[in-house]
**Q** 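First the structure, which I've put down as structure tokens, then a few questions once you've had a look.
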Amino acid sequence: MALVPLKPVLDAARRGGYAQGAFNVNAVCQAKAVIEVHEMLRSAAILQGADLANAFMGGRADFANGTVEDKIVGARNIGDAVKKYGENSPVPVVLHLDHGRDMESVKAAIAGGYTSVMIDGSSLPLEENMELTREVVKYAHPRGVSVEGELGVLAGVEDHVFAASSTYTNPLTAVEFVRNTKVDALAISYGTMHGPSKGKDVKLRREIPIAIRECLAHEGLDCALVSHGSSTVPAYIVHEINALGGNIQNAYGISLDELKAAIPAGINKINVDTDIRLAVTRNMRELFAKRPELQESPSIGGVYQLLKEHPENPDPRVFLPAVYDTVMYGVVEDDDRAALVEVIEAGVKEAVATLIVEFGSYGHAPDTELVTLEEMAERYEKAGI
């Protein structure tokens, strides 16, 4: 089966009372690992490529300065990888753009094979946010592509999406936003935070998704709710990174108890990125510690040098430009490169498997209706959205 849009996956989650984890990937082998672990646990899979991740996958190491051309190349590279491992998968697979910045980023993603896109206009005034989001919906829905918008501002930084403080989502404004934009999913602000430093003992304001869900239902509006900035930042992985020469400080995530309690409050999709970054970075440091001869490897020694130079950074994209052909195309040219890929994939699976189980989506793959993009486009047209 071809990849599916986001909407039927989240519709199944809403019916079943569980949440779908949505996991960011930044390399071909990471996409492979995310799909494989979902297959093992019989869960639908949502893979996310952030807007700047597309620039990185297009060969731009300084991805914050990626051009539209970089993003077009990168979206095609990650799209090809997800099709390769997901097109004949026994579980539904979604490729979703995370934090799309503008229409050009959205068009690049859809051209590359994304089946769902998020447009982040949360930093704009409400009217401008709705106008931008509606334009994306008008472009995406005729192609069968689902759309996620964002209302409210999350504090923290992720892929250079930065805010110093949070602005909680107003439920009544959420109704106005969904009615005017026709989005399939809405990312809300209710206490989560981007990045690895979310603060100790964060308490989520579950009354916000509860109120939004009730207000949407009262108005007969159909929209899933999304939790961004929801990594758990496992303390044991942070400690292991630091024991292996890293220097990750003040790293605290959202507790699993808080996230799980948000699911019956109305959260249907939970975005996770930092947990994967940490597990992959820990595994790479561990590989070079256990096999010191690889530190001088002509094939992967450059990764080790970058790990040494950036002990404070948990983002594998800082270290992986040394093996860019593997990142972008999945090229594994020798045993040393194979060893690196193996530990990257193992880190992804460690982080993701736990959350598939905790969020409750395991075993629910058959619950998702298998809808092609063409069929979804027809449904949108008939519904006038």
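Please read these numbers as outputs of a predicted model, since none were measured by experiment.
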**Q** Stepwise, does the side-chain hydrogen bond (donor to acceptor under 3.5 Å, both in side chains) test hold for S146 with S116?
**A** CA-CA 5 Å; S146 304; S116 179; 4.7 Å; no
**Q** The test is side-chain contact (heavy atoms from CB on, under 4.5 Å); show your working for Y329 and V28 and say whether it passes.
**A** CA-CA 6 Å; Y329 309 116; V28 169; 5.6 Å; no
**Q** Does K138 reach the side chain of E135, with side-chain heavy atoms less than 4.5 Å apart?
**A** yes
**Q** Quick check: does any side chain N or O of H218 sit under 3.5 Å from a backbone N or O of E214, one acting as donor and the other as acceptor?
**A** no
**Q** Taking the side chain from N268 and the backbone from A19, do they hold a donor-acceptor pair closer than 3.5 Å?
**A** no
**Q** If we ignore hydrogens and angles and just use 3.5 Å, is the side chain of S231 paired with the main-chain N or O of V233 as donor and acceptor?
**A** no
**Q** Report yes or no: do Y324 and V73 belong to one cluster of Ile/Leu/Val/Met/Phe/Trp/Tyr joined by side chain heavy-atom distances under 4.5 Å?
**A** no
**Q** Identify whether NZ of Lys or CZ of Arg in R42 sits under 6.0 Å from the centre of the six-membered ring of Y362 and within 45° of that ring's axis.
**A** no
**Q** For residues P234 and D275, determine if any side-chain heavy atom of one lies less than 4.5 Å from a side-chain heavy atom of the other.
**A** yes
**Q** Keeping H239 on the side-chain end and A235 on the backbone end, is there a donor-acceptor pair under 3.5 Å?
**A** yes
**Q** Answer with yes or no whether the hydrophobic clustering places F177 together with V106; edges join I, L, V, M, F, W, Y residues whose side-chain heavy atoms lie under 4.5 Å apart.
**A** yes
**Q** Does atom CD of E296 have more than 12 heavy-atom neighbours from other groups under 6.0 Å away?
**A** no
**Q** Show the nearest heavy-atom pair for residues G144 and P5, with the distance to one decimal.
**A** O-CB, 3.5 Å
**Q** Closest approach of L225 and G266, non-hydrogen atoms and distance?
**A** CB-O, 3.4 Å
**Q** Of the options N54, N24, L47, which is the one that meets D98 in a side-chain contact (heavy atoms from CB on, under 4.5 Å)?
**A** N24
**Q** Under a 4.0 Å threshold between the charged nitrogen and the carboxylate oxygen, would R60 count as salt-bridged to D62?
**A** yes
**Q** What closest approach, in Å, do I276 and V352 show between heavy atoms, and which atom pair accounts for it?
**A** CD1-CG2, 3.9 Å
**Q** Mark yes when over 12 heavy atoms from residues, nucleotides or ligands other than D335 sit less than 6.0 Å from its CG; otherwise mark no.
**A** no
**Q** Would E375 and R379 pass as an ion pair if we require N to O under 4.0 Å?
**A** no
**Q** Using every non-hydrogen atom in the two residues, find where S122 and G152 come nearest and quote the distance to one decimal.
**A** CB-O, 3.3 Å
**Q** Are any of the side-chain nitrogens in D11 or K7 under 4.0 Å away from the carboxylate oxygens of its partner?
**A** yes
**Q** In terms of ring plane angle, is the pair H141 and Y380 parallel, tilted or perpendicular, where the classes change at 30° and 60°?
**A** parallel
**Q** What do the steps show when you test E131 against N129 for side-chain hydrogen bond (donor to acceptor under 3.5 Å, both in side chains), and what is the final call?
**A** CA-CA 5 Å; E131 181 180 358; N129 186 0; over 6 Å; no
**Q** Report yes if some heavy atom in the side chain of K269 is under 4.5 Å from a heavy atom in the side chain of I46; otherwise report no.
**A** yes
**Q** Does T133 use its side chain to pair, donor to acceptor, with the backbone of T181 at less than 3.5 Å?
**A** no
**Q** Given 3.5 Å as the limit, does a donor-acceptor pair link the side chain of N247 with the main chain of P311, or not?
**A** no
**Q** Quick check: do Y252 and V202 have side-chain heavy atoms less than 4.5 Å from each other?
**A** no
**Q** Can you confirm whether P142 sits close enough to E381 that some side-chain heavy atom of one is under 4.5 Å from a side-chain heavy atom of the other?
**A** no
**Q** Count the heavy atoms belonging to other residues, nucleotides or ligands that lie under 6.0 Å from CD of E358, then report whether that count exceeds 12.
**A** yes
**Q** With distance as the sole test, does Q48 use its side chain to make a donor-acceptor pair with the main-chain N or O of F23 at under 3.5 Å?
**A** no
**Q** Within a strict 4.5 Å, meaning less than it, do heavy atoms of the I300 and S297 side chains meet?
**A** yes
**Q** Is the backbone of T67 close enough, under 3.5 Å, to the side chain of D70 for a donor and an acceptor to pair up by distance?
**A** yes
**Q** On a heavy-atom basis, which atom in L97 and which in A109 lie closest, and how many Å separate them?
**A** CD2-CB, 3.9 Å
**Q** What class does the angle between the rings of Y18 and H364 fall in, given that below 30° is parallel, 30 to 60° is tilted and above 60° is perpendicular?
**A** parallel
**Q** Would you say T372 and M376 make side-chain contact, with heavy atoms under 4.5 Å?
**A** no
**Q** Assess the residue pair N313 and R277 against the criterion (side-chain hydrogen bond (donor to acceptor under 3.5 Å, both in side chains)); give the C-alpha distance rounded to whole Å, side-chain angles, the decisive distance to 0.1 Å, and a yes or no.
**A** CA-CA 10 Å; N313 202 313; R277 296 185 188 190; over 6 Å; no
**Q** Would you find a donor on one side and an acceptor on the other, under 3.5 Å apart, between the side chain of Q295 and the backbone of F288?
**A** yes
**Q** If you apply the rule salt bridge (Lys or Arg N to Asp or Glu O under 4.0 Å), what do you find for K382 with E378, and how did you get there?
**A** CA-CA 6 Å; K382 288 180 181 178; E378 291 178 4; 5.3 Å; no
**Q** Determine, stepwise, if the pair R15 / D367 fulfils salt bridge (Lys or Arg N to Asp or Glu O under 4.0 Å).
**A** CA-CA 9 Å; R15 290 192 303 268; D367 297 350; over 6 Å; no
**Q** Step by step, would you call R282 with E350 a salt bridge (Lys or Arg N to Asp or Glu O under 4.0 Å)?
**A** CA-CA 11 Å; R282 186 275 317 276; E350 176 185 346; 2.4 Å; yes
**Q** Got a salt bridge between E148 and K182, using NZ or NE/NH1/NH2 to carboxylate O under 4.0 Å?
**A** no
**Q** What do the steps show when you test D222 against R14 for salt bridge (Lys or Arg N to Asp or Glu O under 4.0 Å), and what is the final call?
**A** CA-CA 11 Å; D222 177 31; R14 289 164 65 185; 2.7 Å; yes
**Q** Taking L355 as the fixed residue, which of I270, L256, V37, L259 is the one that meets the side-chain contact (heavy atoms from CB on, under 4.5 Å) rule?
**A** L256
**Q** Evaluate L6 against D184 for side-chain contact (heavy atoms from CB on, under 4.5 Å), listing each step before the verdict.
**A** CA-CA 8 Å; L6 179 66; D184 303 285; 6.0 Å; no
**Q** Treating Ile, Leu, Val, Met, Phe, Trp and Tyr as nodes and any side-chain heavy-atom pair under 4.5 angstrom as an edge, say whether L216 and V226 lie in one connected cluster.
**A** no
**Q** Are V341 and Y304 connected, step by step, through hydrophobic side chains (Ile, Leu, Val, Met, Phe, Trp, Tyr) whose heavy atoms are closer than 4.5 Å?
**A** no
**Q** Cation-pi between R206 and Y190: NZ/CZ under 6.0 Å from ring centre and within 45° of the ring axis?
**A** no
**Q** Would you say I248 ends up clustered with Y236 if hydrophobic residues are merged whenever their side chains have heavy atoms under 4.5 Å apart, either directly or through other cluster members?
**A** yes
**Q** Using the ring of Y139 (Phe, Tyr or Trp, six-membered ring only), decide whether K107 places NZ or CZ under 6.0 Å from its centre and within 45 degrees of its axis.
**A** yes
**Q** Within the side chain of S230, is there an N or O that forms a donor-acceptor pair under 3.5 Å with the backbone of H228?
**A** yes
**Q** Can you check side-chain hydrogen bond (donor to acceptor under 3.5 Å, both in side chains) on H99 and D120, steps first, answer last?
**A** CA-CA 5 Å; H99 286 293; D120 184 0; 2.8 Å; yes
**Q** Is any side-chain N of the basic residue among K84 and D80 closer than 4.0 Å to the acidic one's carboxylate O?
**A** no
**Q** Could you check whether any side-chain heavy atom of V4 comes within less than 4.5 Å of a side-chain heavy atom of T115, counting everything from C-beta outward?
**A** no
**Q** Could you please spell out the steps behind the side-chain contact (heavy atoms from CB on, under 4.5 Å) verdict for V136 and M103?
**A** CA-CA 7 Å; V136 170; M103 184 61 78; 4.0 Å; yes
**Q** Does a side-chain N-to-carboxylate-O contact under 4.0 Å join E87 and K83?
**A** no
